[in-house]
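A short write-up of the structure that comes next.
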Amino acid sequence: MSVRVTFLGSGNAFAAGGRAHACILIEHDGGTLLLDCGGASLPAITRRADPGRIDAIAVTHLHGDHFGGIPFLMDEQRWNGRTRPLAIGGPPSLRRRLDQVAAGFGMDFTDLRFEWQVVVLGAEPAMLAGAGVTAHPVRHSSDAEPHGLRVRAGGKLIAYSGDATWTKDLVDLADGADLFISECTWFSKRDPVHLNAMDLEEHGKDLRARRVVLTHLGAEALAHRAELPYEAADDGTVLEL
Ligand SMILES: [Zn+2]
């Protein structure tokens with residue numbers, strides 16, 4: 001099997017265009033990994049995938065449109081009798097924030113029949129769903145503890161910006177990737193915490209990735225879709241690497 005990347009959710013926080021929150025499924029021989037699991041992700045997962053096959057989740061930052069769906073996924077798995085372990089990797093405060101969200105939702109994960117663990121991602125590879133995952137600096141809302149991800153799975157390298165505005169960190173993040181998944185919230189609007197297509201066009205020559213695919217599309221970016229400098233994902237887009 002090659003490495004298959006499925007965009008389950010390709011929307012921004014406001015679900016522009018009816019898109020689901022950030023949620024990208026990576027399937028390879030060694031396991032099944034989600035990159036981000038936003039608040040509206042569970043219906044996007046159940047529409048196109050089997051939640052019971054997800055071995056691990058890697059989270060880019062602590063905003064609800066990127067990790068808010070994890071409690072719903074865990075609750076669904078509890079009631080479906082899951083016994084397969086679930087590993088979740090992300091920023092340092094992920095475990096505390098997950099506990100807060102679950103408590104707020106009235107969910108109790110102290111008596112699950114499956115083991116789950118939360119690991120802090122960093123420069124040293126963490127093994128999640130048989131993939132080596134590292135975290136890299138990006139510029140986004142600092143209180144969300146943002147990082148980009150590099151994922152080595154099935155002999156391929158996938159880089160993912162999470163949410164980020166343009167900095168040279170993205171050149172390092174994308175370096176040598178078979179696929180660079182970049183957010184593109186805006187078409188031309190300047191935003192201190194998000195990318196726009198103009199920045200990607202201007203700096204694209206510096207990106208040393210074999211393929212660049214845009215996600216996290218806001219309404220303004222969608223209105224200019226035909227002018228985007230790279231192909232854009234939709235909910236349901238599948239890539240074979
Ligand atoms: Zn976001």
Side-chain angles (χ1 to χ4, degrees), residues 5-26 33-45 57-73 88-94 97-98 100-101 121 133 135-151 158-167 169-170 173-174 179-200 212-225 228 230 232-237:
V5 179
T6 304
F7 289 81
L8 299 174
S10 60
N12 67 346
F14 309 139
R19 291 162 179 250
H21 285 155
C23 188
I24 301 163
L25 184 74
I26 297 178
L33 174 68
L34 274 188
L35 304 184
D36 284 336
C37 184
S41 291
L42 183 58
I45 294 167
I57 307 167
V59 173
T60 58
H61 64 291
L62 300 176
H63 279 158
D65 61 317
H66 294 259
F67 86 106
I70 295 174
F72 287 107
L73 176 63
I88 307 170
S93 300
L94 177 58
R97 292 284 294 274
L98 271 177
Q100 290 173 338
V101 172
L121 298 177
V133 181
H136 301 264
V138 296
R139 185 179 297 164
H140 186 58
S141 314
S142 58
D143 57 356
E145 302 178 4
H147 51 223
L149 298 174
R150 281 164 70 89
V151 178
I158 298 164
Y160 174 37
S161 66
D163 284 2
T165 195
W166 178 263
T167 63
D169 289 332
L170 296 178
L173 179 68
L179 172 65
F180 175 45
I181 302 168
S182 176
E183 77 124 292
C184 184
T185 302
W186 303 104
F187 180 67
S188 61
K189 182 174 159 53
R190 298 272 165 205
D191 185 325
V193 295
H194 286 293
L195 277 164
N196 68 47
M198 298 291 97
D199 285 330
L200 285 165
V212 179
V213 175
L214 306 179
T215 190
H216 202 275
L217 299 156
E220 188 224 13
L222 287 171
H224 292 270
R225 181 165 187 164
L228 296 176
Y230 298 101
D234 294 295
D235 289 12
T237 293

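Atoms within a ligand are numbered from 1 in the order they appear, just like the ligands themselves.
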Ring centers of His61, His147 separated by less than 6.0 Å: no
Donor on one side chain, acceptor on other, Asp36 and His66, under 3.5 Å: yes
Value rounded to 0.5 Å, distance of CZ in Phe67 from OG in Ser93: 10.0 Å
Short side-chain donor-acceptor distance under 3.5 Å, His216 and Asp163: yes
Solution key, residues 186-199 side-chain donor-acceptor pairs under 3.5 Å, sequence neighbours excluded:
{"unit_1": "Trp186", "atom_1": "NE1", "unit_2": "Asp191", "atom_2": "OD2", "d": "2.8"}
{"unit_1": "Ser188", "atom_1": "OG", "unit_2": "Glu220", "atom_2": "OE2", "d": "3.1"}
{"unit_1": "Arg190", "atom_1": "NH1", "unit_2": "Asp199", "atom_2": "OD1", "d": "2.8"}
{"unit_1": "Arg190", "atom_1": "NH1", "unit_2": "Asp199", "atom_2": "OD2", "d": "3.4"}
{"unit_1": "Asp191", "atom_1": "OD1", "unit_2": "Val193", "atom_2": "N", "d": "2.8"}
{"unit_1": "Asp191", "atom_1": "OD1", "unit_2": "His194", "atom_2": "N", "d": "3.4"}
{"unit_1": "His194", "atom_1": "ND1", "unit_2": "Glu183", "atom_2": "OE2", "d": "2.7"}
{"unit_1": "His194", "atom_1": "ND1", "unit_2": "Thr185", "atom_2": "OG1", "d": "3.1"}
{"unit_1": "Asn196", "atom_1": "OD1", "unit_2": "Met198", "atom_2": "N", "d": "2.9"}
{"unit_1": "Asn196", "atom_1": "OD1", "unit_2": "Asp199", "atom_2": "N", "d": "2.8"}
{"unit_1": "Asn196", "atom_1": "ND2", "unit_2": "Lys189", "atom_2": "O", "d": "3.0"}

Donor-acceptor pair between Asp235 and Ser10 side chains, under 3.5 angstrom: yes
Residue and atom, protein N/O/S, under 2.8 Å of the Zn ion (ligand 1): Asp65 OD2, His66 NE2, Asp163 OD2, His216 NE2
